[in-house]
Structure formats: C-alpha cells, structure tokens
Amino acid sequence: MLDPALALGAEIHLYPLHADLSPDLVALDRLFTRIQKPVKALLATHYFGITQNFSGLREWCVEREIALIEDCSHVLFTERFRAAGSGIDGHYVVSSPYKFFPCTDGGLLYAADAQLLDKVETNPPSLIEELRSIMRIIERRQCKELSASDIAAITSQLALISAKQGAAGNDEMVERSAPSALFSDASVAKASLRSSRFVVDHSVVDENIRRRRENYDRWVQSTASVPNCHALFAALPADCVPYMFPLHIERPATHFHWLKQLRVPVWRWDEMAASGCGIARDYRLHLLHLPCHQALTDNQMDWMTSALDKTLRHTSKGVQ
Ligand SMILES: Cc1ncc(COP(=O)(O)O)c(C=O)c1O
C-alpha cells in the first residue's frame, strides 16, 4: 500500500496499532502534531476480516480535512456484497476481491459519494491478458488432494527437517523514496479482468462465508491446546467473514522455518515497513497467517492442522 503513495511523491508516516490491530488514536494524534506538511489521507485497515469501528477516526479526519481511506483488503467487500461493519466510515474504500474469490486480479475502489470518483478513468485489459487469466483460473482448480498417509508422514519429515541446522536468515533494511519493483505504472489505471468480474459476480457468497467460518473455527479448536502459540482472535464476531487465521507463535526462528520446509501454506508480514510500533515489530515475525479459504478440502485442513500441531510441539536442542 506504500508504493502508490511513493509514486505520487508523498511522505509516508506510520502510526502505531494496539495488539488487536486497532489504531492507537492517542499515538496517532501525537504523530499528527509532529508532521510538518499537510496530511492528505489516512489509511485504516480492518485486518483479517475483523471489522473495526472507525467512526471516531472518521470524525478525527473530518476535523482535520483528511480523507479517510478504509482498507478492506482483508474484508469481503465487492460491488454486490459488503461484510457487516465495512465501508461505513471511509471517504474511500479499497478492497481486494481476488483474496476471497478464485479470480486472478481485481482491486475495487469505492466511494459512498460517487462524485469523488468522477475523475477516475480505467483502461480495459487486452484480450491476451483476459485469455491468460482464464487459463490461470482453470490451472488453479487442479490442486493436490491429500490423504491419511500424507498426515502420517509429517512426523518423519519433521524429524529430518529439524535435524538439519539451517543458517539463520539475515534481516535487511532497504531505504527507498521511490516505489518498489512490485509497482507498475501501467497497472495504475488498468480495469479488472472481465473473467475476474464474472467469477466474483457468479460465486455463491453464502457458501463462501460458511466454509471460511468453518475452516477458521477448525483452526481455533485445533490450536487451543497447542503450546507455543495463541490465536489472535479466538472468537469470530457473528457476521465476520475471515480472511485468514492469525496465530501468534513464540518461536518463529525454528517453527516458522520448519512449517515452510513442510510446505504448509503460511504467510507473515516479513517485508513490513520499519516503524516505531512495537506491535508491528512483534507481529512481523511472530504472527502467522494461516489459510481458511472456502476451497480448502477437509483433508487439506486435516493435514495443515496436523502439521502445525506437530511442528509447534517439536523442539530441537541447539536451535532457538
Ligand atoms: C492490509 C493490506 N492492505 C492492502 C493490501 C494490498 O492488497 P492487494 O493485494 O489487492 O494489492 C494487502 C495485501 O495483502 C494487505 O494485507
């Protein structure tokens, strides 16, 4: 999210978050008084699909003539469906429907006041891009199914992986005033693919929500008595559509490494921008993002929960 601001030549300031990932309003106020240039926009995120109440933040922004951008990237927010509590307070809303549906792109910019979007123009993708996307959608459906023997094999795989003393990774800080290589000028005004819109429009949202909540609950239950970890949000609010299951682990140096070696699909905010926020520094390495996608089969969930359970119970001498 920093790249577009850097591309506009904007100065970026990061405000601290509380442990539940809500903005620290007192620290935000303090930060604001130290900024020399006029502040144009503030980005506030509903992390992991757990919507926050941004009404106070909205007031704070309005008083200072700052545009509030509600980051619904982790929220099920489409042209037809808005998860409860989302898209209410932001002057603008951005969302990433491709995180919730099996499509290959799709970023959504929404404003309750449609006039705010009058000047936004987009260019349609080429036919080749459309065809490539359809191929990718078909390829993604051919996912490997897992069986009881894969689960049985985890213990010996883990023994082999943990016996190897891997070299500790190096943290590297990169300073940049221009966008990263991930940013492309050409895609700034690119409209979503037609295939992506089709997939989003024709998916059964209720089923998507049911499966995601079910998978999230399986993670909650399966990790409840596992040592060296705790769920960030053990109780899912009633209307929430979870993006992923955030799990805080105590020993990332070994456990995250082993999970990766076992090929558990797990994410972290490794490349987070450096800030003074203690929570951000802690979550960068300690907070795992585990999938609860609606397309996961029961066997895949069994394999992942089992791999996580065995890994977090496993220790090896000499490794932190
Ligand atoms: C909190 C948050 N905001 C924004 C984004 C950017 O979304 P996109 O992948 O659609 O660029 C991400 C990406 O994962 C994210 O985690």
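Just so you know, ligand 1 is whichever comes first in the structure, and atom 1 is the first atom listed for that ligand.
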Q. What's the shortest distance from atom 11 (O) of ligand 1 to any protein heavy atom, and which residue and atom give it?
A. Y98 OH, 4.6 Å
Q) Does a side chain donor of either S22 or D20 reach within less than 3.5 Å of an acceptor in the other side chain? A) yes
**Q.** 4.0 Å protein heavy-atom contact status of atom 3 (N) of ligand 1, strictly under
**A.** yes
Q | Backbone or side-chain N or O of K99 under 3.5 Å from ligand 1 N or O | A | yes
**Q.** Side chains of S147 and D150, donor plus acceptor under 3.5 Å
**A.** yes
Q. What residue and atom, counting heavy atoms only, is the protein's closest point to atom 15 (C) of ligand 1, and at what distance?
A. H74 NE2, 3.5 Å
Q | Min N/O separation Y47 to ligand 1 under 3.5 Å | A | no
Q. If you count the atoms of ligand 1 from 1 in the order shown, which ones are under 4.0 Å from a heavy atom of T45?
A. 1 (C)
Q. Checking side-chain contact (heavy atoms from CB on, under 4.5 Å) against Y15, which of D29, L43, L28 comes through?
A. L28
**Q.** Nearest-neighbour protein heavy atom for atom 12 (C) of ligand 1, which is reported as residue plus atom name and distance
**A.** S73 OG, 3.4 Å
Q. Between S196 and T104, is a side-chain contact (heavy atoms from CB on, under 4.5 Å) present by the stated rule, with each step listed?
A. CA-CA 6 Å; S196 297; T104 50; 4.0 Å; yes
**Q.** Nearest non-hydrogen partners of R281 and S275, listed with the distance
**A.** NH1-O, 3.4 Å
Q: Answer yes if the ring centres of H13 and F32 are under 6.0 angstrom apart, and no otherwise.
A: no
Q: Kindly confirm or rule out an N or O of S96 lying under 3.5 angstrom from an N or O of ligand 1.
A: yes
